[in-house]
**Q** 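I'd like to ask you about the structure that follows.
Proteins come first, then strands; the chains are lettered A, B, ... in the order of their sequence lines, and each starts at number 1. Treat the numbers as computed from the prediction; the structure is a model and nothing was measured.
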There are 4 protein chains.
Amino acid sequence: MLRVGVIGTGMIGQDHIRRMTRVLSGVQVVAVTDANADVAAEVGARVGATVHTSGESVIADPAVDAVVVCSWGQSHEQYVLESIAAGKPVFCEKPLATTQQACLRIVEAEVAYGSRLVQVGFMRRYDAAYRALKKVADSGDIGSPLMMHCAHRNPSVPGYYEKESAIVDTAVHEIDMVRWMFGQEIAAARVLIPRKSRNGGDLQDPLLLVLEMADGVLVDVEISVNIRYGYDIRGEIIGENGTAALGESGTVTVRRNAQLATPVPADWRERFILAYDTEFQEWIDSIAGGGHSVGPSAWDGYAAAVVCDAGVEALHSGTRIEVALAEQPKLYQSVE
Amino acid sequence: MLRVGVIGTGMIGQDHIRRMTRVLSGVQVVAVTDANADVAAEVGARVGATVHTSGESVIADPAVDAVVVCSWGQSHEQYVLESIAAGKPVFCEKPLATTQQACLRIVEAEVAYGSRLVQVGFMRRYDAAYRALKKVADSGDIGSPLMMHCAHRNPSVPGYYEKESAIVDTAVHEIDMVRWMFGQEIAAARVLIPRKSRNGGDLQDPLLLVLEMADGVLVDVEISVNIRYGYDIRGEIIGENGTAALGESGTVTVRRNAQLATPVPADWRERFILAYDTEFQEWIDSIAGGGHSVGPSAWDGYAAAVVCDAGVEALHSGTRIEVALAEQPKLYQSVE
Amino acid sequence: MLRVGVIGTGMIGQDHIRRMTRVLSGVQVVAVTDANADVAAEVGARVGATVHTSGESVIADPAVDAVVVCSWGQSHEQYVLESIAAGKPVFCEKPLATTQQACLRIVEAEVAYGSRLVQVGFMRRYDAAYRALKKVADSGDIGSPLMMHCAHRNPSVPGYYEKESAIVDTAVHEIDMVRWMFGQEIAAARVLIPRKSRNGGDLQDPLLLVLEMADGVLVDVEISVNIRYGYDIRGEIIGENGTAALGESGTVTVRRNAQLATPVPADWRERFILAYDTEFQEWIDSIAGGGHSVGPSAWDGYAAAVVCDAGVEALHSGTRIEVALAEQPKLYQSVE
Amino acid sequence: MLRVGVIGTGMIGQDHIRRMTRVLSGVQVVAVTDANADVAAEVGARVGATVHTSGESVIADPAVDAVVVCSWGQSHEQYVLESIAAGKPVFCEKPLATTQQACLRIVEAEVAYGSRLVQVGFMRRYDAAYRALKKVADSGDIGSPLMMHCAHRNPSVPGYYEKESAIVDTAVHEIDMVRWMFGQEIAAARVLIPRKSRNGGDLQDPLLLVLEMADGVLVDVEISVNIRYGYDIRGEIIGENGTAALGESGTVTVRRNAQLATPVPADWRERFILAYDTEFQEWIDSIAGGGHSVGPSAWDGYAAAVVCDAGVEALHSGTRIEVALAEQPKLYQSVE
């Protein structure tokens with residue numbers, strides 16, 4: 001039974017705690033903390049976990065085998081570094097850290113430690129549809145991949161969503177996904193600006209993000225975050241001899257009112273709930289008994305941060321921006 | 001933590017044990033037994049459960065909170081009755097018992113006990129697609145249901161599959177499903193015989209089973225168990241104003257070799273694995289802390305047995321056979 | 001240029017005249033008549049055709065190469081027999097005649113004449129989707145056909161639609177279609193009665209018509225004529241190794257209001273307009289220059305009438321009714 | 001009956017002649033010519049048309065009401081200008097002329113003539129799926145259009161296909177289609193270069209052409225001309241509140257070999273044959289009785305030529321190229 005301490009018991013932290021206590025196998029939540037002590041106390045009492053007054057104290061707790069970081073993004077670097085210092089596996093919700101420099105410090109700390117302790121919460125890699133898509137791409141059935149068309153659509157976004165959020169909060173999922181899908185780094189980014197939707201107020205929405213993979217595969221990502229009709233994630237890989245695409249996810253088909261229709265999910269929770277479950281179960285299984293993380297690594301968190309920076313610069317400048325990564329440490333080279 | 005004893009560690013028993021130890025939350029397998037003592041010993045050692053020499057001993061074990069029966073069908077009645085006698089919740093794989101008389105004895109024992117202890121393994125009720133279909137049917141969006149078209153297709157069946165298996169092993173899932181879908185009993189059955197497939201040797205395959213619900217909804221079930229192309233479960237409800245159908249379950253779409261194609265599952269495990277997980281998690285959650293089962297009841301097991309008998313008689317006689325059920329005890333009336 | 005005389009210039013007659021004068025190639029409408037002389041005069045003036053006072057006079061007109069019969073069903077036998085007597089090709093809208101005896105008289109007259117002059121308006125055989133379906137069935141790709149599931153759905157029917165209309169006006173299209181699809185006769189019919197839709201008033205709607213082909217292929221036809229949502233024709237052939245079905249006909253897919261939807265046609269005109277065009281063009285091409293009809297024959301009209309009679313008897317009796325056909329004359333044996 | 005003279009009886013010319021003599025209504029082919037006199041003679045004899053020794057002679061023939069130009073692209077300007085000079089309606093296969101300057105000369109000649117005589121063979125506007133798509137876009141149901149994703153895929157291309165062909169022969173159809181779809185001009189073009197397919201030899205294939213409409217709608221067009229699996233044309237309009245896309249065109253669905261599949265057309269003839277029929281019938285109907293063309297105009301031919309030039313420059317330069325059109329004459333302003 002893996003004993004986990006959770007830093008941050010806000011919406012996402014509570015959802016992961018529910019997952020670990022009510023859905024998944026082989027895991028126990030033994031310690032919690034939050035900037036809001038009342039919330040931490042309430043959650044701790046509910047699941048029978050020790051309530052700590054700081055993240056450091058959670059990490060240091062000898063009853064804690066592994067750490068889950070769901071706190072405010074600004075604090076991620078600190079807690080991940082502390083976890084590495086304590087030699088404890090740590091699952092960190094995205095972003096790994098708020099700057100590429102901070103991400104690189106985490107990479108360096110982990111390399112110094114000598115084995116993989118850090119996993120970043122890029123859950124698309126655990127989605128059954130993306131996995132089936134990658135399986136087809138890897139099979140060679142459609143020939144070598146040449147392009148990929150993606151769309152990331154939200155019905156609406158909250159008021160604090162900013163121009164750059166389209167890259168760093170929304171498209172960051174596609175940025176990680178294509179690195180994993182094609183097993184290579186992103187070499188350059190550019191952003192094309194379509195006509196603006198009136199649903200987004202002052203926000204420049206939608207956008208077309210164009211990514212170039214190291215071997216030339218060209219990826220276009222439509223980012224539409226006020227499209228009203230639902231939450232919709234699409235992806236099609238264009239190979240030399242055919243294409244492979246995410247299927248439609250509707251479980252039921254209704255013929256009514258002159259239409260044949262399937263429902264579209266309302267939000268990302270509905271679309272990706274099983275991916276979150278799989279992500280956590282595989283993390284638990286990989287580190288239970290002393291194994292190391294095999295999911296998205298600190299390097300993946302760092303690379304995503306660098307591409308996001310390039311994407312934001314491309315958005316502001318209107319030009320093509322090359323992505324400049326540090327040299328990849330050996331620690332990450334054998335890991336998919 | 002619910003402590004479960006498993007009677008029968010064959011293929012299905014082991015799969016449920018894997019589920020309870022590696023996938024689900026809040027459950028522990030603490031005791032096992034099997035007609036084959038070596039298998040029981042191996043499985044017990046693997047998961048750290050006490051190995052018993054009989055089902056009775058598992059049921060009597062004070063460390064066992066609840067019982068899962070996955071043994072040979074002939075033994076189900078005995079173990080379920082013993083579990084009731086011991087006042088312990090029992091999950092029994094289908095069939096509840098091998099005759100409708102035995103099922104009725106279980107119903108009577110449970111009624112005498114006074115609350116619901118028994119759940120039968122009809123897992124279709126836990127499938128996300130069927131649940132979405134029921135939600136549409138119940139919403140009134142397509143008007144009152146009038147008909148339902150179903151198909152149950154297997155690529156092939158093993159050598160011991162007999163003429164009657166098409167009803168009692170295959171269509172039994174649709175028999176339970178429509179009772180649950182429409183919230184009422186089946187009133188009559190008949191079987192129509194199409195041209196015979198050469199894939200099935202001497203077996204009469206396919207069949208068209210026609211069921212009449214108490215309120216007149218007419219259900220037709222195509223049973224094709226040697227259709228080679230894959231495992232495929234289909235269902236469409238015809239309402240007064242529209243229809244609702246199970247969607248296609250493909251997660252990926254491939255354009256290749258002059259075709260646009262989605263994969264069809266190879267077998268029922270692939271199609272219904274999540275339904276099994278949901279079924280068990282909901283069972284665990286419902287009885288943990290002393291609650292009673294809310295899933296498919298002993299009455300459901302009995303009713304399915306009576307309809308299967310009618311279906312087999314209809315298959316042999318070529319005529320319409322009415323279904324004669326005992327009066328439903330109050331215990332089952334308020335449970336969906 | 002084939003010169004055609006049209007008997008009956010009601011809605012369907014006018015539509016065929018529009019088709020022959022505005023859409024198709026190699027045909028001219030040179031003569032018209034109608035029970036309503038004013039309508040005939042108006043239509044004749046519009047397209048420059050001679051207006052006759054009787055069908056006999058149209059048939060006898062030396063300027064008329066071929067006859068199209070769109071008059072009241074009761075008059076079909078008379079005009080078809082006159083056309084045969086005149087040795088002129090005749091296209092007769094369904095039904096060929098209003099009784100099976102009358103149909104048989106036409107068959108006998110045509111056999112006496114010695115070559116095929118009569119074509120009946122079963123236009124499904126000309127629909128691209130049905131043709132693609134037949135091509136797959138004939139290819140052997142799905143193995144030998146064993147069953148077929150059909151649905152014939154109308155949003156609503158007019159007030160004069162009667163109980164028997166479901167067979168003789170609606171399902172008659174499927175009756176002809178399966179004879180053509182499987183290249184053999186129908187051996188028996190029965191009708192199962194589902195719960196009644198409140199949309200149809202006193203009408204027993206829907207119905208499930210079950211047909212047995214001579215070689216045992218079992219066909220079920222859902223007939224729903226008040227289903228509101230649209231006009232929908234579906235068909236799936238179950239073979240030994242796979243199935244083949246009519247595709248969805250939607251040309252556009254809309255994501256809107258939490259749904260992914262395609263439009264359903266409003267009526268049969270929209271669904272089958274191209275089939276009507278193809279039907280007439282192929283008829284024109286086959287008889288231009290003295291060739292004989294190769295489309296649905298007088299025998300097909302007769303066989304459909306006999307099966308309809310059996311279907312109506314099955315509807316009234318609730319039992320399985322065998323279909324008894326006269327011996328098929330040689331004239332029809334080599335024609336598909 | 002419209003009497004047409006055809007200049008050029010190669011593959012496309014013969015197909016249009018077949019269409020006018022065997023499929024469509026209200027038209028006669030009365031005159032033909034071709035650079036290859038033997039072919040012209042053979043075709044002329046077959047359809048009963050006068051064989052001319054020059055295009056000029058066809059145009060001058062008093063028996064010719066309207067001209068169809070299917071000759072070598074280099075000769076289009078000459079024959080279209082002659083037709084205008086003769087005051088005869090002329091249908092010119094694409095391209096209208098081989099340079100934008102030549103196209104502009106035709107525009108100027110037509111403006112001088114004073115009414116529309118010229119129609120260019122952009123047949124996508126007549127495709128039922130594109131028309132349904134435009135209807136949804138125009139309805140406002142998905143809000144104002146903001147983006148459009150297109151794909152134009154061919155299984156292979158002949159040896160003489162060159163780098164620029166991807167723009168001027170392939171994407172030219174999308175270039176015309178989006179001008180028609182959105183009712184406005186294209187303001188700029190750029191071309192992004194993905195990883196190269198080995199199926200295309202030295203050819204740079206695929207490409208991503210990005211077009212900016214005058215009001216900012218951003219269009220991306222994947223051009224893949226060696227993708228082997230089939231001929232596939234896709235398009236999805238992204239509106240403020242939803243999207244609308246071309247449906248899949250498969251008329252039959254086959255379940256076989258572990259797949260649910262629909263066929264993909266082998267080539268453009270199969271995909272667009274009905275669009276060609278509609279295009280010609282509407283052209284015939286519009287000019288019969290002295291009306292003028294209402295289809296794609298000389299201005300549309302000119303605008304497509306200018307955008308193609310910009311696209312080719314963008315392909316060579318790797319930069320964004322603005323499209324500079326002459327001022328649009330009034331003659332074209334009221335025409336859709």
**Q** In Å and rounded to the nearest 0.5 Å, what is the OG to CZ distance from Ser25(A) to Arg19(B)?
**A**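 Spacing of OG (Ser25(A)) from CZ (Arg19(B)) equals 12.0 Å.
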**Q** With a 4.5 Å cut-off on heavy-atom pairs, point out which of Gly26(B), Ala129(B), Ala128(B) contacts chain A the most.
**A**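 Looking at each option in turn, the highest pair count goes to Ala129(B).
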**Q** How long is the span from the OG1 atom in Thr251(B) to the CD atom in Glu248(A), to the nearest 0.5 Å?
**A**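 Separation between the atoms: 12.0 Å.
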**Q** Considering all heavy atoms of both residues, which atom of Arg22(B) and which atom of Asp285(A) are nearest to each other, and what is their separation?
**A**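 Here Arg22(B) and Asp285(A) meet closest at NH2-OD2, 3.9 Å.
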**Q** Mind listing the closest non-hydrogen atom pair of Asp141(A) and Arg256(B) along with its distance?
**A**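 Asp141(A) and Arg256(B) have their closest heavy atoms at O-NE, 2.6 Å.
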**Q** Taking atom CD of Gln28(B) and atom CE of Met1(A), what is their separation to the nearest 0.5 Å?
**A**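 Between Gln28(B) CD and Met1(A) CE, I get 6.5 Å after rounding to 0.5 Å.
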**Q** With a 4.5 angstrom heavy-atom cut-off, which part of Leu274(B) approaches chain A: side chain, backbone, both or neither?
**A**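 Side chain of Leu274(B) only, per the 4.5 Å heavy-atom cut-off to chain A.
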**Q** Does any heavy atom of chain A fall under 4.5 Å from the side chain of Val136(B), the backbone, both, or neither of them?
**A**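 The side chain, not the backbone.
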**Q** Return the CG to OG1 distance between Leu260(A) and Thr243(B), rounded to the nearest 0.5 Å.
**A**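 If I round to the nearest 0.5 Å, the distance is 8.0 Å.
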**Q** Which residue out of Gly250(A), Ala245(A), Ala261(A), Gly239(A) racks up the most heavy-atom pairs below 4.5 Å with chain B?
**A**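 Heavy-atom pairs under 4.5 Å are most numerous for Ala245(A).
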**Q** Contact between Glu236(A) and Arg255(B) at the side-chain level, heavy atoms closer than 4.5 Å - yes or no?
**A**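 The answer is yes; the side chains approach within 4.5 Å.
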**Q** Shorter than 4.5 Å, heavy atoms on both sides: which option in Leu246(B), Val254(B), Leu24(B), Leu133(B) has the most such pairs with chain A?
**A**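 Most heavy-atom pairs within the cutoff with chain A belong to Leu24(B).
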